[in-house]
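Here is the structure we will look at, set down as structure tokens.
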Amino acid sequence: MCRESFTGLRSPTETERDLLKRLLSVNFQGAGALCRQLASTLVEPIDRDGSLRLRPVDPTPAKVSRRIPVEATYVDTDGVLVHVLIHVINGVLDELEVYREDSGTVIVAPAEASVLEVEPWVN
């Protein structure tokens, strides 16, 4: 059996963990199981905007109805909308994606946004 290497992965910072918990706190199918996965999740930064590769050490797959079950948005300091999405693949946390609608660099990190609107995606 081939095991995935955890080289480069680390425990999430308190700020990163709080942001992930906030996104997973809304009511959607599989949220509870994803929260349990989060307890053992390691992360690896993907880009300067705050996107993270997520790797639960001991995942039990969650039953989610969509690859992206939840999204948050906020307005960056220059007025451009920023999206924060959690990706789930085969029931396992995979990525926290952060991007601006204009593809520019995020100015204010999601955890520091004064207003973060979190909504589940529904079918």
Side-chain angles (χ1 to χ4, degrees):
M1 180 171 120
C2 181
R3 274 191 77 87
E4 182 175 353
S5 171
F6 290 118
T7 304
L9 296 174
R10 59 168 171 76
S11 295
T13 65
E14 186 175 337
T15 302
E16 291 165 342
R17 186 173 300 278
D18 288 347
L19 175 62
L20 289 162
K21 284 181 181 178
R22 186 166 176 193
L23 269 74
L24 295 175
S25 70
V26 297
N27 187 22
F28 62 87
Q29 181 182 1
L34 294 175
C35 283
R36 288 187 290 280
Q37 288 180 18
L38 182 58
S40 71
T41 295
L42 298 174
V43 302
E44 181 177 19
I46 296 174
D47 60 32
R48 294 180 9 199
D49 291 333
S51 297
L52 299 170
R53 181 168 292 111
L54 307 174
R55 293 294 178 260
V57 174
D58 189 18
T60 299
K63 293 181 181 174
V64 295
S65 60
R66 307 179 61 103
R67 177 189 168 110
I68 300 170
V70 63
E71 175 181 12
T73 56
Y74 66 95
V75 178
D76 217 338
T77 56
D78 60 357
V80 176
L81 194 63
V82 177
H83 297 266
V84 184
L85 298 83
I86 288 186
H87 291 260
V88 177
I89 298 179
N90 296 324
V92 178
L93 289 169
D94 183 71
E95 180 182 345
L96 175 72
E97 179 183 16
V98 180
Y99 70 92
R100 284 172 48 114
E101 284 196 345
D102 68 354
S103 300
T105 301
V106 170
I107 300 167
V108 174
E112 297 169 4
S114 57
V115 177
L116 187 66
E117 299 288 333
V118 182
E119 294 184 28
W121 284 24
V122 294
N123 288 337

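Hydrogens, waters and symmetry mates play no part in the numbers below; they use all other heavy atoms, side chains included. Note that the structure is predicted; figures quoted are calculated from it, not measured.
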Expected output: side-chain [X] to main-chain [Y] donor-acceptor under 3.5 Å:
| X | Y | answer |
| --- | --- | --- |
| Asp102 | Gly104 | yes |
| Glu71 | Glu119 | no |
| Ser51 | Val98 | yes |

Joint hydrophobic cluster, [X] plus [Y], side-chain heavy atoms closer than 4.5 Å:
| X | Y | answer |
| --- | --- | --- |
| Phe28 | Leu96 | yes |
| Val26 | Leu54 | yes |
| Ile86 | Val57 | no |
| Val70 | Val64 | yes |
| Leu85 | Val43 | no |

Asp78 CG: over 12 foreign heavy atoms closer than 6.0 Å: yes
Side-chain heavy-atom pair [X], [Y] within 4.5 angstrom cut-off:
| X | Y | result |
| --- | --- | --- |
| Pro110 | Tyr74 | yes |
| Leu19 | Leu116 | yes |
| Leu42 | Ser11 | yes |
| Leu20 | Thr41 | no |
| Pro59 | Leu93 | no |
| Val88 | Pro69 | yes |

Determine, for Arg55 against Asp94, whether the closest basic-nitrogen to carboxylate-oxygen distance falls under 4.0 angstrom.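 Yes, this pair counts.
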Could you please spell out the steps behind the side-chain contact (heavy atoms from CB on, under 4.5 Å) verdict for Arg67 and Ile89? CA-CA 6 Å; Arg67 177 189 168 110; Ile89 298 179; 3.4 Å; yes
Quick one: do Tyr99 and Asp47 satisfy side-chain contact (heavy atoms from CB on, under 4.5 Å)? Show the steps, please. CA-CA 10 Å; Tyr99 70 92; Asp47 60 32; over 6 Å; no
Apply the test side chain to side chain donor-acceptor pair (under 3.5 Å) to residues Glu97 and His83: give CA-CA distance (whole Å), side-chain angles for both, the deciding distance (0.1 Å), then the verdict. CA-CA 8 Å; Glu97 179 183 16; His83 297 266; over 6 Å; no
Tell me, please, which residues at least two apart from Ala33 pass side-chain contact (heavy atoms from CB on, under 4.5 Å). Arg36, Ala62
Evaluate the criterion side-chain contact (heavy atoms from CB on, under 4.5 Å) for residue pair Arg100 and Asp49; output intermediate values, then yes/no. CA-CA 9 Å; Arg100 284 172 48 114; Asp49 291 333; 5.8 Å; no
Checking salt bridge (charged side-chain N to carboxylate O under 4.0 Å, His left out) against Glu16, which of Arg10, Lys21, Arg22 comes through? Arg10
Rounded at 0.5 Å granularity, tell me how far CD in Glu112 sits from OG1 in Thr77. 11.0 Å
So how far is it from Leu24 CG to Leu34 CG, rounded to the nearest 0.5 Å?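 Result: 5.5 Å between the selected atoms.
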Please test Arg17 against Leu38 for side-chain contact (heavy atoms from CB on, under 4.5 Å), starting from the C-alpha separation and ending with a verdict. CA-CA 8 Å; Arg17 186 173 300 278; Leu38 182 58; 3.9 Å; yes
In short, Ala72 meets Val118 closest at the heavy-atom pair CB-CG2, 3.8 Å
